[in-house]
Amino acid sequence: MNNNALIPTIGVVTSIRRDTPDVKTFTVVRADTGTGVCFKHMPGQCAMLSIPGVGEAMFSITSSPTCTDHMEFSIKKCGCLTSWLHQMDVGQQVTVRGPYGNGFPVTTELKGKDLVFIAGGIGLAPLRSVIEYMLANRADYGHIDIVYGSRSKEDLVDIDIIRDVWMKAPDVDVHLTIDRPQDDWDGHVGFVPAYVTELGFDPNKTVLVCGPPIMIKFTLQSLGELGFEKTQVYTTMELRMKCGVGKCGRCNIGTKYVCKDGPVFRFDQLDELPDEY
Amino acid sequence: MLKLKTANADALYSRISDSAKLYLPVKRAGQVNYDLWESGCEVTLGEMTVKSPKDLFFPQSEDLMAFRVSGKSIEIENPELPTEPFVLFGVRACDARSFDVLDRVFLSDPVDSYYEARRNCGTVVSLGCLEPLRETCFCSVFGIDLAEPEGDVQAWVLGDEMYLSAKTEKGEKLLAAVKDLCEETDGAPLAAAKDEARAKMAKNPLADLDLTGFDGEHMMEKFNAPEWKDLYQACLGCGTCTFVCPTCQCYDIRDFDTGHGIQRYRCWDSCMYSDFTMMAAGTNRKTQMERFRQRFMHKLVYFPANNEGMYSCVGCGRCVSKCPMHLHIAKVIRTLGGKKQ
Ligand SMILES: Cc1cc2nc3c(=O)[nH]c(=O)nc-3n(C[C@H](O)[C@H](O)[C@H](O)COP(=O)(O)OP(=O)(O)OC[C@H]3O[C@@H](n4cnc5c(N)ncnc54)[C@H](O)[C@@H]3O)c2cc1C
Ligand code: SF4
Ligand code: SF4
Ligand code: FES
């Protein structure tokens with residue numbers, strides 16, 4: 001019954017990678033065919049994952065739409081469902097429904113732009129999908145800068161992909177930072193907002209930022225000081241969700257339902273909404 | 001138009017019941033609510049039901065699907081959507097409008113299959129008010145004509161007669177089945193009675209509420225109004241107002257282990273509850289003021305901004321009479337401007 005929006009499809013977990021002490025990345029394929037994605041999506045869109053009897057929750061699809069043989073989810077352990085997912089094994093089936101939300105405007109507003117991705121911690125999950133989509137369609141986008149920070153080097157999600165793929169990709173600069181100095185870390189040390197100021201990006205670039213609210217707040221300040229307008233900065237919002245289709249009322253902010261009208265917003269659009277997020 | 005003596009109403013109910021389940025206001029244990037008609041039950045058309053009729057289209061608790069889980073595999077059992085016809089009888093104009101409001105939510109893309117199925121099964125017989133049902137009624141404020149309700153069939157009770165007029169194909173089908181119990185009429189006596197009802201409505205204490213400024217254009221002004229700080233103070237966060245409200249549609253989705261599998265169901269929820277938006281990082285509406293404000297901003301500003309000015313309140317007055325703290329939407333409208341004085 002595909003036209004019933006609340007009924008999921010079944011996926012199966014084919015690999016589990018431990019990224020950090022509390023983040024794992026799960027590879028999911030369709031259970032009926034044993035391969036392929038459960039549905040097509042665009043970068044920044046999300047899916048409802050569930051284990052019946054345990055819970056259902058919204059997660060960014062961190063893999064790119066250009067990856068058609070599986071979907072990936074990077075999930076931080078923080079509650080009932082996420083803890084369960086963290087202790088399960090390969091071969092476990094999960095329910096998946098989606099895609100939900102608007103995603104980033106990769107085929108319109110972002111096309112041809114020089115881009116700066118700014119992520120903190122698990123906030124890389126939605127951005128990774130955009131980055132990989134752009135790398136697969138390299139000619140459509142300008143220069144790419146990626147600023148990514150976390151508490152420690154152990155807390156950097158997707159670090160192997162960052163080192164082996166992104167850092168070697170043409171016209172891409174990756175800037176990693178961790179909050180406090182550590183042995184055998186010769187990269188930058190310090191918080192993301194200060195690093196953004198230090199890197200001093202050209203304010204004609206377009207920015208995609210995702211991370212903890214406090215990081216976003218100070219990063220916006222840094223960008224403002226560098227001369228960026230709010231119309232050039234995109235983010236993705238996280239609110240409690242249940243239905244994912246704009247009906248259960250949970251993610252309503254002003255005239256918007258974040259699950260449907262978001263989760264991606266430009267900061268000038270957010271300014272027009274009640275400050276309740 | 002058809003009419004029959006109210007003394008023969010039971011024959012009408014019985015006939016309708018032959019081909020469909022009939023729900024109408026019934027008094028049980030001292031409370032009037034929509035309930036299944038049975039011979040001998042105490043049909044009470046003249047009182048406002050405690051709960052709204054939204055239950056029939058959007059049940060308080062509803063199974064969505066079931067899962068069979070064995071080892072690592074999961075099997076989905078699709079729900080059997082309702083197909084059995086039912087008739088909802090005696091719906092007042094305010095509640096009849098509430099179905100339009102719910103339609104905007106549940107029938108907009110992507111359509112909610114459960115609601116759609118129930119809506120298709122249901123025939124609504126609305127009951128025009130020939131005087132305001134209660135002092136707390138203020139449907140007219142939302143442009144609702146108490147005497148001319150929306151629905152598949154309109155009904156009126158005047159003196160010892162009940163009048164019935166079909167408005168849709170579904171309605172005509174229903175009336176065709178009861179025609180032999182009735183006689184044809186031009187309904188002439190109704191016109192004056194309707195005008196009288198409208199005149200009485202205009203004198204109801206809340207009929208002078210003024211919605212000027214409750215629209216998308218004034219969203220931030222209303223949201224930031226200093227009055228919320230005092231207004232919400234008494235609110236207990238009990239959620240009574242949302243549960244009795246015909247247009248409140250927020251729901252929760254939960255799983256229940258039946259012992260034979262997992263049943264996924266949804267149930268009414270309330271934006272007035274402190275855990276409604278709770279997340280790992282906390283909740284974005286930390287105070288009862290914010291939650292209180294959300295309920296009314298949604299009904300009076302956000303919803304109309306998204307729905308060509310249609311408010312998500314129909315002035316039924318249930319929250320006015322049921323809030324234990326005498327806080328309600330009428331008070332909010334009065335306090336936040338729009339006074340006719
Ligand atoms: C659009 C979107 C995209 C997202 N993308 C990702 C992603 O890519 N990766 C990721 O890891 N996460 C993501 N999330 C967050 C993810 O949805 C949550 O981490 C998930 O819902 C947690 O589910 P859970 O069952 O594990 O937690 P729950 O058991 O629901 O608990 C979560 C937290 O809330 C608290 N809590 C829950 N209910 C209550 C209550 N009634 N009272 C008090 N406290 C309560 C718990 O104590 C716990 O700390 C995203 C969220 C959204 C909305
Ligand atoms: S407004 Fe009244 S009925 Fe509604 S939650 Fe507050 S106290 Fe309860
Ligand atoms: S808000 Fe109150 S008056 Fe308005 S429809 Fe709901 S219960 Fe009725
Ligand atoms: S999650 Fe239900 S309305 Fe957005």
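Heavy atoms only: backbone and side chains are in, while hydrogens, waters and symmetry mates are out. Chain identifiers are assigned alphabetically (A, B, ...) following the order of the sequence lines, protein sequences preceding nucleic acid strands; residue numbering begins at 1 within each chain.
Contact tally against chain B (heavy-atom pairs below 4.5 Å) for A31(A), G79(A), G254(A): the top residue is G254(A). Of the listed residues (F106(B), F256(B), F276(B)), the greatest number of heavy-atom pairs within a distance under 4.5 Å of chain A belongs to F276(B). Contact count against chain A (heavy-atom pairs under 4.5 Å) is highest for R264(B) among H298(B), R264(B), Q294(B). Taking chain B as the reference chain and counting heavy-atom pairs below 4.5 Å, the highest number among G53(A), G249(A), P274(A) is found for P274(A). Heavy-atom pairs under 4.5 Å with chain A were tallied for T277(B), V69(B), L64(B), D252(B); the largest tally goes to D252(B). Chosen from S108(B), A305(B), G261(B), C248(B), the residue pairing most often with chain A at heavy-atom distances under 4.5 Å is S108(B).
Proximity to chain B (any heavy atom under 4.5 Å) is restricted, for V94(A), to the backbone atoms N, CA, C and O. Looking at F303(B), there are no atoms closer than 4.5 Å to chain A (heavy atoms on both sides), in backbone or side chain. With a 4.5 Å cut-off on non-hydrogen atoms, D261(A) does not touch chain B at all. If you measure heavy-atom distances from K260(A) to chain B, the contacts under 4.5 Å come from the side chain alone. Looking at E56(A), the atoms closer than 4.5 Å to chain B (heavy atoms on both sides) all sit in the side chain, from C-beta outward. For P8(A), the parts lying under 4.5 angstrom from a heavy atom of chain B are both the backbone and the side chain. Contact of C251(A) with chain B is not made at all, since no heavy-atom distance falls under 4.5 Å. Proximity to chain B (any heavy atom under 4.5 Å) is restricted, for V54(A), to the backbone atoms N, CA, C and O. Contact of F67(B) with chain A is made through the side chain alone, with heavy-atom distances under 4.5 Å.
Within 6.0 Å of the CZ atom in R17(A), the count of heavy atoms belonging to other residues, nucleotides or ligands exceeds 12. Within a 6.0 Å radius of CD in E80(B), other residues, nucleotides and ligands contribute 12 heavy atoms or fewer.
Here the shortest heavy-atom pairing between P52(A) and I74(B) reads CD-CD1, 3.6 Å. Considering all non-hydrogen atoms of both residues, M65(B) and L6(A) come closest at CE-O, 3.2 Å.
With K247(A) contributing its side chain and Y251(B) its backbone, the two residues share no donor-acceptor pair below 3.5 Å.
Annotation: the span from D112(B) atom CG to C243(A) atom SG amounts to 9.0 Å, rounded to 0.5 Å. Here the SG atom belonging to C250(B) is positioned 7.5 Å from the CG atom belonging to N252(A), to the nearest 0.5 angstrom. Residue F223(B) holds its CZ atom at 7.0 Å from CG of D275(A), rounded to the nearest 0.5 Å. E75(B) CD to I10(A) CD1: the interatomic distance, rounded to the nearest 0.5 Å, is 8.5 Å. To the nearest 0.5 Å, atom OG1 of residue T255(A) and atom CG of residue N307(B) are 11.0 Å apart.
In this structure, K72(B) and Q92(A) have side chains that are in contact, with non-hydrogen atoms separated by less than 4.5 Å. Side-chain atoms of C248(A) and R266(B), non-hydrogen and from C-beta on, never get closer than 4.5 Å to each other. The shortest distance between side-chain heavy atoms of D271(A) and M220(B) does not fall below 4.5 Å. Looking at N3(A) and V111(B), their side chains never come closer than 4.5 Å, going by heavy atoms from C-beta outward. Taking 4.5 Å as the limit, every side-chain heavy atom of S113(B) sits out of range of all side-chain heavy atoms of I7(A).
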Margin query: Between I76(B) and T9(A), does the side chain to side chain contact (heavy atoms under 4.5 Å, CB included) criterion hold? Intermediate values first, please.
Written below: CA-CA 8 Å; I76(B) 301 176; T9(A) 55; over 6 Å; no
- Task: Go through R250(A) and D269(B) one step at a time and tell me if the salt bridge (charged side-chain N to carboxylate O under 4.0 Å, His left out) criterion holds.
- Result: CA-CA 9 Å; R250(A) 212 158 294 257; D269(B) 204 344; 2.7 Å; yes
